[in-house]
Amino acid sequence: MKEFLLVFRADYKSMPKTSPEQMQANTQKWMNWIAGIAAQNKLADRGNHLEATGQVLKSDGIIADGPYTEIKESIMGYTIINAESVEEATALCKECPILLLGGSVEVREISKL
């Protein structure tokens with residue numbers, strides 16, 4: 001088995017405003033999707049949601065506010081899964097709730113050092 005990083009991207013500004021009930025329903029969709037991967041014994045690390053703000057340290061020592069606001073999509077979170085191939089890992093993402101919000105999932109194999 002190989003490990004794959006799933007990077008969830010979406011546009012924070014275009015995210016629909018939701019009621020507490022809708023937020024709870026969306027959270028449940030995520031929990032169900034992750035549980036489905038875990039049930040297949042393919043979940044390596046559930047990961048987490050990332051805050052919309054942060055900082056970027058550049059090679060010249062300059063610290064800038066990030067993520068960059070001129071980039072439409074921001075990284076919203078991540079998960080690490082186990083799969084035999086990038087194709088299998090991508091197939092596991094087809095039901096990811098971020099897709100329902102117009103977002104995307106980047107699937108990257110993790111190379112061990």
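Just so it is clear, the structure is predicted and the values come from calculations on it, not from any experiment. The analysis underlying the following values was restricted to heavy atoms, covering all of them including side chains, and did not include hydrogens, waters or symmetry mates.
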[X] with [Y], same ILVMFWY side-chain cluster at under 4.5 Å:
X	Y	result
Val86	Leu99	yes
Ile37	Met31	no
Met23	Ile34	no

Given side chains that start at C-beta, do those of [X] and [Y] come closer than 4.5 Å, heavy atoms only?
X	Y	value
Asn48	Tyr78	yes
Trp30	Cys96	yes
Asp65	Gln55	yes
Met76	Leu50	no
Asn26	Thr18	no
Leu6	Val107	yes

Exercise. For the residue pair Glu51 and Thr53, confirm or rule out a side-chain donor-acceptor distance under 3.5 Å.
Key: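 No, no side-chain donor-acceptor contact under 3.5 Å.
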
Quiz item: Are Gln28 and Asn32 linked by a side-chain donor-acceptor pair shorter than 3.5 Å?
Solution: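 Asn32 and Gln28 do have a side-chain donor-acceptor pair below 3.5 Å.
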
Quiz item: Should the heavy atoms of other residues, nucleotides or ligands under 6.0 Å from CE of Met1 be counted, would the total exceed 12?
Solution: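 It does: Met1 CE has more than 12 such atoms within range.
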
Between [atom1] on residue [X] and [atom2] on residue [Y], distance to nearest 0.5 Å:
X	Y	atom1	atom2	answer
Lys29	Ile98	NZ	CD1	12.0 Å
Leu5	Ile80	CG	CD1	6.0 Å
Asn82	Lys42	CG	NZ	7.5 Å

Quiz item: Can you tell me if Trp33 uses its side chain to pair, donor with acceptor, with the backbone of Cys93 under 3.5 Å?
Solution: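 Checking the backbone N and O of Cys93 against the side chain of Trp33, no donor-acceptor pair under 3.5 Å is found.
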
Exercise. Indicate yes or no for a side-chain donor-acceptor contact from Thr79 to the backbone of Arg46 under 3.5 Å, with no hydrogens or angles considered.
Key: yes

Quiz item: Where is the tightest heavy-atom contact between Ala89 and Ala83, given as atom of each residue plus distance?
Solution: N-CB, 3.8 Å

Self-check item: Where Gly103 and Ala10 come nearest, the two heavy atoms and their spacing
Solution: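 Minimum heavy-atom contact is CA-CB, 4.1 Å.
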
Quiz prompt | Qualifying residue, where the test is side-chain contact (heavy atoms from CB on, under 4.5 Å) with Lys2 and the options are Glu88, Glu109, Lys112 | solution = Glu109

